[in-house]
Peer 1: 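Dropping a structure here in structure tokens format, bear with me for questions.
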Amino acid sequence: MVEERQYRRLLWLLILIGLFNALDFFATQDLVVFGEHCEWNPLMRPLVGTVYFGLFKLVAVPLGLVFLWSVHRSLVPRFLGLVRLACGVYGLLMVYTWAVFYAP
């Protein structure tokens, strides 16, 4: 029973990370590509504004999340805390982006 709850929690965390990733893609497009801001992530900076950015954010990342779900039986016991941390940090980044750039 505990494992089922952890698997369900992992699924929701991966879904949230996927949603945050999509929001991040559209915010980056709006603020960096069509706006006047610059990308802070030095690894993604060369990709922003190219077709590879969309492929990475909208294809590679979701495929990685699906892969994580496919190995969830070995992932949950060892890495659920790290996935939770990543989801929380990504959520805080989205709140920051909204508060700084989109809030009235």
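Quick caveat, the model's predicted, so the values are computed rather than measured.
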Peer 1: Could you report the tightest heavy-atom contact between C87 and L16, atom names first, then the distance?
Peer 2: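 Looking at all heavy atoms of both residues, the closest pair is SG-CB, 3.6 Å.
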
Peer 1: Is atom CZ of F67 surrounded by more than 12 heavy atoms (other residues, nucleotides or ligands) closer than 6.0 Å?
Peer 2: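 12 or below, so no.
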
Peer 1: Starting at NE2 of H72, measure out to CG of L68 and round the result to the nearest 0.5 Å.
Peer 2: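 Atom-to-atom, H72:NE2 and L68:CG are 11.5 Å apart.
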
Peer 1: With the side chain counted from C-beta on, respond yes when Y102 and D30 share a heavy-atom pair under 4.5 Å apart, and no when they do not.
Peer 2: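 Of all side-chain heavy-atom pairs linking D30 with Y102, at least one is under 4.5 Å.
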
Peer 1: Could you measure the distance from the CZ atom of F56 to the CG atom of L63? Nearest 0.5 Å is fine.
Peer 2: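 If we round to the nearest 0.5 Å, F56:CZ and L63:CG are 11.0 Å apart.
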
Peer 1: May I ask you to decide if L13's main-chain N or O and R84's side chain share a donor-acceptor pair within less than 3.5 Å?
Peer 2: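 Checking the backbone N and O of L13 against the side chain of R84, no donor-acceptor pair under 3.5 Å is found.
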
Peer 1: Do F53 and T28 have side chains that get closer than 4.5 Å, going by heavy atoms?
Peer 2: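 A side-chain contact exists here, since the closest heavy-atom pair is under 4.5 Å.
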
Peer 1: In Å, rounded to the nearest 0.5 Å, how long is the span from CG of N21 to CZ of F26?
Peer 2: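 Spacing of CG (N21) from CZ (F26) equals 10.0 Å.
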
Peer 1: Rounded at 0.5 Å granularity, tell me how far OH in Y52 sits from CG in L47.
Peer 2: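 Taking OH in Y52 and CG in L47, the distance rounds to 9.5 Å.
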
Peer 1: So, taking the atom named CG in L10 and the one named CZ in R73, what distance separates them when rounded to the nearest 0.5 Å?
Peer 2: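 Rounded to the nearest 0.5 Å, the CG-CZ separation comes out at 11.0 Å.
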
Peer 1: May I ask you to check whether over 12 heavy atoms, not counting those of W69, lie within 6.0 Å of atom CH2?
Peer 2: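 Enclosed.
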
Peer 1: Indicate if V95 and W40 have the same hydrophobic cluster label, given that clusters are the connected sets of ILVMFWY residues with side-chain heavy-atom separations under 4.5 angstrom.
Peer 2: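 No, it is not one cluster - the side chains of V95 and W40 are not joined through contacts under 4.5 Å.
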
Peer 1: Determine whether I15 and L93 fall in the same hydrophobic cluster, where Ile, Leu, Val, Met, Phe, Trp and Tyr are linked whenever their side-chain heavy atoms lie under 4.5 Å apart.
Peer 2: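 Same cluster.
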
Peer 1: Work out which heavy atom in L43 is nearest to a heavy atom in N41; give both atom names and the distance.
Peer 2: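 Distance-wise, the nearest heavy atoms are N-OD1, 2.9 Å.
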
Peer 1: Which heavy atom of T97 sits nearest a heavy atom of A27, and at what distance?
Peer 2: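 For T97 and A27, the tightest heavy-atom pair comes out as CG2-CB, 4.1 Å.
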
Peer 1: Do L14 and V89 share a hydrophobic cluster (ILVMFWY, side-chain heavy atoms under 4.5 Å, transitive)?
Peer 2: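 No; tracing contacts between hydrophobic side chains, which count when under 4.5 Å, never links both residues.
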
Peer 1: Could you work out, with side-chain contact (heavy atoms from CB on, under 4.5 Å) as the rule, every residue matching L58, not counting sequence neighbours?
Peer 2: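 By the side-chain contact (heavy atoms from CB on, under 4.5 Å) rule, L58 matches F25.
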
Peer 1: Return the CD1 to CH2 distance between I17 and W12, rounded to the nearest 0.5 Å.
Peer 2: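 One gets 14.0 Å once the value is rounded to the nearest 0.5 Å.
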
Peer 1: Listed by chain and number, what are the side-chain contact (heavy atoms from CB on, under 4.5 Å) partners of F34, not counting sequence neighbours?
Peer 2: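 F34 satisfies side-chain contact (heavy atoms from CB on, under 4.5 Å) with Q29 once adjacent residues are dropped.
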
Peer 1: Which heavy-atom pair separates K57 from Y90 by the least distance, and what is that distance?
Peer 2: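 Closest approach of K57 to Y90, heavy atoms only: NZ-OH, 3.1 Å.
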
Peer 1: Do L31 and Y96 share a hydrophobic cluster, counting only Ile, Leu, Val, Met, Phe, Trp and Tyr and linking them when any side-chain heavy atoms are less than 4.5 Å apart?
Peer 2: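 Same hydrophobic cluster.
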
Peer 1: Going by side-chain contact (heavy atoms from CB on, under 4.5 Å), name the residues that satisfy it together with V66, two or more places apart in sequence or in a different chain.
Peer 2: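 By the side-chain contact (heavy atoms from CB on, under 4.5 Å) rule, V66 matches no residue at all.
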
Peer 1: Applying the 4.5 Å side-chain criterion to the ILVMFWY set and letting contacts propagate, would M94 and L85 be lumped into a single cluster?
Peer 2: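 No, M94 and L85 fall in different hydrophobic clusters.
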
